[in-house]
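These notes concern the structure reproduced below.
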2 protein chains.
Amino acid sequence: MSKALNGTGFVSEELLARVVAAANQLGYAPHASARSLRSGASRILGLLVADITNPFFLTLVDALEKRASEAGYSVILCNSAEDPERERRNLQLLLSQRADGMILVPTRDSWAGRIAALTRLPFPAILLDRRLDGLDFDSVTIDNRMAGALAAEHLHALGHRKVAVIMGSPEMAIARHRLDGFREAFARHGVFLEESFVEKMAFDEAAAFRAAQRLIARPDRPSAIIATNNHLALGMLRAVADAGLSVPRDLSVMAIDDLPWFDVIRPRVSVVVQPSEAMANRCMETLLERVRSANGRVLPVEQIVLEPSLLVRDSTARPISTGAT
Amino acid sequence: MSKALNGTGFVSEELLARVVAAANQLGYAPHASARSLRSGASRILGLLVADITNPFFLTLVDALEKRASEAGYSVILCNSAEDPERERRNLQLLLSQRADGMILVPTRDSWAGRIAALTRLPFPAILLDRRLDGLDFDSVTIDNRMAGALAAEHLHALGHRKVAVIMGSPEMAIARHRLDGFREAFARHGVFLEESFVEKMAFDEAAAFRAAQRLIARPDRPSAIIATNNHLALGMLRAVADAGLSVPRDLSVMAIDDLPWFDVIRPRVSVVVQPSEAMANRCMETLLERVRSANGRVLPVEQIVLEPSLLVRDSTARPISTGAT
DNA sequence: CTGTTAGCGCCTTCAA
DNA sequence: TTGAAGGCGCTAACAG
């Protein structure tokens, strides 16, 4: 009897005991599908992540899953592996499962009609880490300009004037903002970035590797290189190691995004850290608020922006000769 | 009309077209719960992982999720974070969701009645990576003795005779088997492991760090150290780096389990690799076989054991002086 | 306080 | 070839 198990309605001690005993005896577990069909709520949250093998996203997923289960929701984890087609299918799946809400880290390449499909969602959704143009959803992101600026201020303070950036396409808002912040911070000190030091087409580790090799081989080698995300940092570090350069004596390096092994290797890598735990918490908090007040989107859209921070370790130091400009 | 959408039964062109059009128009998505209630199959697979932040498990999860979605199943990912209580709750969840099958990487500490609960499962389940005593389930594991032996053969061939092992408790089958394999391989060459060189109580990175420090500080320092999993490798590497030792000149190190950054750092770390992709594939294959032939457990139990392999990089070399014994 | 009932959306069966 | 009906397990509403 549902009243007994769910604690709704009034049931005598004795009956309750009998029901519970029988339930245990039979190994009874409530049928979630039937419940969902009847009640209209699935108590399932969708987690649609662009790439779960990215350690940064994994940290988010881990924290998100924890929070969700604490709140009594289960999570269907969908990994798009940066493939738009998989993302589309995964969205369809969550639609079918009648998820109560969704957290979306969108893929970089989008499919036709994505915005349209997202605006018509029958459940609340929130964007995490990456915002989408033309979609005024709740979102939790970091201040990417500030991330760039933090790195720039640190390098400038050390005396670096010839600095290089390894990044993906400036078409991507995140990369662009990080570069802008970096550039602007230097500019505020009267230092202007040499454009040929900005490697803009590093879309993956291999490309970052080649970009770093090019930078290292230049006669006017920069005194510091920054990689704008953890994938690119991997390629950069490999190139630096291959070249036999001594860090930070010959070259300072740093990255945006921390990685668990950045303080295991020597020299330990200086980074700009994203507050992943806080991002996950705020994100889940906000989503659950929407889910619980399921009376449509009466609440105003929230665009939560958190602040990254600088973590100085050993891979950055004063350049040997603070040459011209 | 279900016949039209599902392609069952016979429907005229024209009606079909009308139905499809209407479905698109309305943004119709079949209600998975209703379908599941009616058909008894949820097309959901449970993935109950001991610790998703372990990169090795993450690789498995990634491959499993891919395979499942290719086969038309969605995955509910449950992370136990090595907490037995969370594992118990997650199992309950999958029971409620009426999963069609489950892949289980069990936590190390188990809860009372776990074996009993697992034997009564109403759906097929398969163990991955870790087997459970007293449970004759299908399983996919690696030959852990062989993993130890591969490392031992490599170190012995290089001339190492005084080697140390950093491992968790020998109560855990995996750690014990790896040690056994390691010990036996050396023994076959007439070399017997010094027992005080076997650090057996390293349960986490911090403990491995201290264990490595102890080994390094000994006057009769070993010429090689092996860590039996990736967590422990982290602690070991940190201790070695802190001590300012030059690897592999002063000390050879290696690990069981590869990590994506083991070939980024210098020296690159020699390892024994587990065939994670193959493990995931065989695992999903076997489970789906069971799920599809849902006529109970008529198929014989399969215990699939895959072979690890040796990946020699730069962290192991001949010891400087091949001293006595 | 306790037992009964209707109906959630789907699919299978049967009738037209 | 098409329409109608029943029932999967649950919960909310209502009757005893």
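The basis for the numbers below is simple: all heavy atoms, side chains too, and nothing from hydrogens, waters or symmetry mates. Within every chain, numbering begins at 1; the chains are lettered A, B, ... in the order of the sequence lines, protein sequences first and strands thereafter.
Among pairs with a residue in residues 41-54 of chain A, those fulfilling side chain to side chain donor-acceptor pair (under 3.5 Å) read A:Ser42-A:Asp100, A:Asp51-A:Thr53, A:Asn54-A:Asn230, at least two apart in sequence or across chains.
For B:Glu277, the salt bridge (charged side-chain N to carboxylate O under 4.0 Å, His left out) test picks out no residue, with sequence neighbours left out. By the side-chain contact (heavy atoms from CB on, under 4.5 Å) test, B:Pro260 pairs with no residue at all, sequence neighbours left out. Residues forming a side chain to side chain donor-acceptor pair (under 3.5 Å) with B:Ser36 (at least two apart in sequence, or on another chain): A:Ser33. Not counting sequence neighbours, the partners of B:Arg114 by the salt bridge (charged side-chain N to carboxylate O under 4.0 Å, His left out) test are B:Glu87. Applying the salt bridge (charged side-chain N to carboxylate O under 4.0 Å, His left out) criterion to B:Arg88, with sequence neighbours excluded, gives B:Glu85. Under the salt bridge (charged side-chain N to carboxylate O under 4.0 Å, His left out) criterion, A:Glu70 pairs with A:Lys66, A:Arg67, not counting sequence neighbours. Checked against side-chain contact (heavy atoms from CB on, under 4.5 Å), A:Val273 has the following partners two or more places apart in sequence or in another chain: A:Asp258, A:Val271, A:Ser309, A:Leu311. Every side-chain contact (heavy atoms from CB on, under 4.5 Å) that A:Ala63 has, sequence neighbours left out, goes to A:Ala280.
Of the residues in residues 91-100 of chain A, none has a non-hydrogen atom less than 4.0 angstrom from any atom of DNA chain C. Contacts between residues 29-45 of chain B and DNA chain C, counted as heavy-atom distances below 4.0 Å, involve B:Pro30, B:His31, B:Ala34, B:Arg35, B:Arg38.
In DNA chain D, consecutive stretches of 3 or more Watson-Crick or G-U wobble pairs with both distances under 3.5 Å are given as paired ranges: C:3-16 with D:1-14.
The backbone N or O of B:His177 sits nowhere less than 3.5 Å from a side-chain atom of B:Asn144 that would complete a donor-acceptor pair.
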